[in-house]
Amino acid sequence: MILFHHAGARTACYPSLINPRFSCERRAPAISYRLRVRSSSSSSSSNPMSEMLEASSILKEDKKPAVCTADELHYVAVPGTEWRLALWRYLPSPKALVRSHPLMLLSGVGTNAIGYDLSPGASFARHMCSQGFDTWIVEVRGAGLSIRDSGPKSQPPSEALISKFVSVIDDNANGVPLLEKQSVMMTDSGSESEISVVSRDSTGELPLDEPQLVTKLTDAFLRLAETLSGYLNDGQLMVVSSKFLDRISELLGDARLSDRFNEVKGSISGLLKTRETSAIAAQIRELSQRLVNIIEDGQRSVSPQLFDLQERLSATIEDFQKQLDLIVTYNWDFDNYLEEDIPAAMEYIKLESKPKDGRVLAIGHSMGGILLYAMISRCAFRGMKSGLAAMVTLASSVDYTSSKSSLKLLLPLADPAQALNVPVVPLGALLAAAYPLASRPPYVLSWLNPQISAQDMMHPELLRKLVLNNFCTIPAKLILQLTTAFREGGLRDRTCTFSYKDQLHKCNVPVLALAGDQDLICPPEAVYDTVKLIPEHLVTYKVFGKPDGPHYGHYDLVGGRLAIDEIYPCIIEFLSKHDQLCSD
C-alpha cells in the first residue's frame, strides 16, 4: 500500500500570543507529500485501517500552522467518517534515552493540544519528549486542528446560544424550571430582529404568505424527524417536538384556538414517532397547512392584532432550523471517540513509531483518562487486547456519583429537551467571555479560576493563555452521555446498556491514577471510586497536595508550577518501569 509521508523540520515554533478566537475546526491547509511504500504485510488494502493510512499525511514545517508548536503535525483519517484527526508529534533527541514504546497523550473534554504544550518552559509534551519518549498528542474530532473534509463546517457560537446555555445553568442553580425561559428566549429572538414593513390588505389585516409558511413548517418538522432520529429516543424526540410546537402556540396568545391547535399538535407528534420522513411528508404538509390556517384565524381574532405575527413565526422556525443545523454539525459523542478516533490514532502512531510489541504508553487527562478506562473495560468485555503497555490517568473517573464534583452543574443539559435549546456547549467562548470577570476586580466570577487551577499554582499569563486558547465547543450529544457518570452505575455507552466500570476488575494493564487535593471537577474521592475497581497489584493511586499547601487543582497535574518537580518524575518513573518490563 502507499502512505503519504513528509517529515517536517525538527525545530519547533512558539508563538508569543495565540489568537483567542482560535477555531476548534480548521480547513485543510496546503500539504506537500512524499510517497512512501509499505510492504503488503503491514496491512491489507481491504482493511479500513489501510484506507485510513492512505489518507493520512504529515505537514511540512513551513506549512504547519503557527499555533502548532510540535515538531511534526500529522493528520490521520478516521475510517468511515469525514474527519482527519490532528496528531502533534514531539521527536526525542538522538542523545535521549531510547524508549521501547511511543507515548500517546489524550486531552480533556472540549480541549485541544495546547494544554499539553503551553510554552517552552511549561510543556508536558516537551518534557516527556526530553526523557526519550516519542510523544504524540491526539486531537479528537472537533478539537484543535482536526479537520472535517466535507459536510457542515463549525461556526463560532452566537451570543444568543451562549445566553441560552448560561440561562439553563443559572435557572437550575436558582430553582427556576429549566425550560421556562427558553421558549421566551427563542420567540424573543424573532421580536428583537428587524421587522420589515408589510402592507395590509383591503380589510386592514396583514395577509399571511401561506405557501411560504406551510413550506417552512413542513421542512422544519421533516428535518426534526430526520435529524434527531439517530440522536434521541422516541420519548426524547417527543419532548423536543413538543417544545417547538409550544413556541408556536405562545405566538398565538389566544386560548380559544387551543383546542384546534392541540389537535393538530397531537397528529404531528404521532407522525414524527414513525421516523419515516418519506412516508409522512404529504401528511406533515397537510397538517402544516392546518397550523397556518389556525395562525391566520388567530391573527384575525387577537386584539390588538399581531401585525408582526408572520415575521415572528418565520423567525421562530428559522431559529429552530439553526438549532437542528448545530445538532447535525456537532453530531458525535463519547463512543465516537472511543470506537473510532482513538483506535485510528493508535494504529497510526504504532505504524509510525514501530514498537516491537505493537503497544503504546498512554496518558489521559480528565476525559482523556476516562477514554483509557473505557478502552480497557470494553476490551476486557470483548476479550481483546487493548494495545496499551501501561497507562496514566490524571484527574479521571468513570463514576462521580459519590463525589461533589462541580461538573454536576452541567446535569441540566442531560434533559433531552435541552438538545434543542442548547445543542452545543460553547465552552471556549464562555470561558473567554468570563475570564476577564474572574481575573480582574471586582472578581464577580472569582469561582472560575479554582475550577481550573489552585491558587498560585499557575503563572497568571499561562493561565490566561490556557483559558483563552485551550477550549472548544462541545456537542450536547457528548454531554448527554458523559452525564451518565453522575448516575448509579457510572458512565455508560450511548445505549445505556453497558457500564464502563463493570469490566475494570478484568483490567490487565498497569495503571497510575493521580488526583489533585483541591480538584473541584474530579475530586480525589471520584478518582478513588474508579481505582478501587482495578486489581490491586496493577494500580497505583496518589493524591498530590498538602494540608497547608501547595494544592493541586484540575489542570495543575499537567501544567502547575510544581508539576515538573513533583508530578512529572512520578509519571516518568512509572512509565520507564513498564516500558522496560515490556521490552525485556
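Everything quoted here is computed from the prediction, not taken from an experiment. Each residue takes its place number in the sequence, starting with 1.
- Partners of His127 by side chain to side chain contact (heavy atoms under 4.5 Å, CB included), not counting sequence neighbours, listed by chain and number: Ser130, Gln131, Ile564, Tyr568, Ile572.
- In this structure, Ser146 contributes its side chain and Glu139 its backbone to a donor-acceptor pair below 3.5 Å.
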Discussion item. Using the rule given for side-chain contact (heavy atoms from CB on, under 4.5 Å), can you reason through Tyr330 versus Ile474, listing the C-alpha separation, both sets of side-chain angles and the distance that settles it, and then say yes or no?
Written reply: CA-CA 8 Å; Tyr330 292 89; Ile474 310 171; over 6 Å; no
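- The nearest pair of heavy atoms linking Gly110 to Leu427 is O-CD2, 4.3 Å.
- The CG atom of Asp519 sits 7.0 Å away from atom CG of Leu557, with the distance rounded to the nearest 0.5 Å.
- Of the N and O atoms on the side chains of Asp117 and Tyr90, at least one donor lies less than 3.5 Å from an acceptor on the other residue.
- Among all heavy-atom pairs drawn from Ala526 and Cys522, the shortest one is CB-SG, 4.2 Å.
- Between Tyr348 and His74, the ring-plane angle classifies as perpendicular under the 30° and 60° cut-offs.
- Closest approach of Ser499 and Ser377 over heavy atoms only: O-OG, 4.3 Å.
- Between the side chain of Ser123 and the main chain of Leu118, no donor-acceptor pair closer than 3.5 Å is present.
- Here the CD1-CG distance, from Ile567 to Leu514, works out to 6.0 Å after rounding to the nearest 0.5 Å.
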Practice prompt. Take Glu340 and Thr81 through the test side-chain contact (heavy atoms from CB on, under 4.5 Å) and record every step on the way to the result.
Written response: CA-CA 9 Å; Glu340 298 170 1; Thr81 78; 3.6 Å; yes
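- The shortest distance between side-chain heavy atoms of Leu394 and Ile571 falls below 4.5 Å.
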Practice prompt. Take Leu575 and Ile363, measure what side-chain contact (heavy atoms from CB on, under 4.5 Å) needs, and give me the verdict at the end.
Written response: CA-CA 10 Å; Leu575 293 179; Ile363 298 175; 3.9 Å; yes
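- Side-chain atoms of Thr530 come within 3.5 Å of backbone atoms of Val398 as a donor-acceptor pair (strictly under, hydrogens ignored).
- No side-chain donor-acceptor contact under 3.5 Å links Tyr552 to the backbone of Met457.
- Checked by atom type, the side-chain pair Thr495/Asp493 shows a donor-acceptor distance below 3.5 Å.
- Put simply, CZ on Arg89 and CD1 on Ile349 are 9.0 Å apart, with the number rounded to the nearest 0.5 Å.
- Considering Leu504, Asp502, Val539 in turn, Leu504 is the only one that fulfils the side chain to side chain contact (heavy atoms under 4.5 Å, CB included) rule with Leu533.
- Salt-bridge annotation for Lys404 and Glu525: absent, with no side-chain N of the basic residue lying under 4.0 Å from a carboxylate O of the acidic one.
- For the pair Val138 and Trp88, the minimum side-chain heavy-atom distance is 4.5 Å or more.
- Closest heavy-atom contact between Gly115 and Val558: O-CG1, 3.6 Å.
- Considering CG of Leu562 and CZ of Phe544, their distance stands at 11.0 Å, rounded to 0.5 Å.
- Below 30°, between 30° and 60°, or above 60°: for Trp83 and Trp332 the angle between ring planes is above 60°, a perpendicular geometry.
- Side-chain contact between Ser397 and Tyr528 is absent, with no heavy atoms from C-beta onward closer than 4.5 Å.
- Looking only at distances, a side-chain donor or acceptor of Thr483 sits under 3.5 Å from a matching main-chain atom of Ile479.
- Closest non-hydrogen pair, Lys506 versus Ala380, comes out as CB-CB, 3.7 Å.
- At a threshold of 4.5 Å between non-hydrogen side-chain atoms, the residues Val76 and Leu87 count as touching.
- Among all heavy-atom pairs drawn from Leu338 and Pro343, the shortest one is O-CD, 3.2 Å.
- In this structure the side chain of Leu85 reaches within 4.5 angstrom of the side chain of Arg141, judged on heavy atoms.
- Within the 6.0 Å centre-distance limit, the rings of His365 and His554 are counted as a close aromatic pair.
- Gln481 places a side-chain N or O within donor-acceptor distance of the main-chain N or O of Arg492, the cut-off being under 3.5 Å.
- In this structure, Asn112 contributes its side chain and Asn469 its backbone to a donor-acceptor pair below 3.5 Å.
- Evaluation of the side chain to side chain contact (heavy atoms under 4.5 Å, CB included) rule for Cys507 yields Ile376, Val509, Val511, Ile534, Pro535 as partners, not counting sequence neighbours.
- Under the side chain to side chain contact (heavy atoms under 4.5 Å, CB included) criterion, Ser396 pairs with Ile370, Tyr373, Thr393, not counting sequence neighbours.
- Between the CG atom of Asp335 and the CZ atom of Arg494 there is a distance of 4.5 Å, given to the nearest 0.5 Å.
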Practice prompt. Please step through side-chain hydrogen bond (donor to acceptor under 3.5 Å, both in side chains) for the pair Thr401 and Asp399, ending with a clear verdict.
Written response: CA-CA 6 Å; Thr401 53; Asp399 188 353; 2.7 Å; yes
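- A donor-acceptor contact shorter than 3.5 Å links the side chain of Ser406 to the backbone of Leu520.
- Side-chain contact between Arg378 and Met384: absent, with no pair of heavy atoms (C-beta onward) separated by less than 4.5 Å.
- Remark: side-chain polar atoms of Thr135 are paired, donor with acceptor, to backbone N or O of Phe133 under 3.5 angstrom.
- Rounding to the nearest 0.5 Å places CG of Leu478 at 12.0 Å from OG1 of Thr473.
- Between the Asn336 side chain and the Asp333 main chain, a donor and an acceptor come within less than 3.5 Å of each other.
- When side chains are defined from C-beta on, Leu361 does not count as touching Met391, because their heavy atoms never get closer than 4.5 Å.
- Between Arg126 and Tyr116 the shortest side-chain heavy-atom distance does not fall below 4.5 Å.
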Discussion item. For a side-chain contact (heavy atoms from CB on, under 4.5 Å) check, start with the C-alpha distance between Leu512 and Tyr541, then their side-chain angles and the critical distance, and finish with the verdict.
Written reply: CA-CA 6 Å; Leu512 172 63; Tyr541 168 61; over 6 Å; no
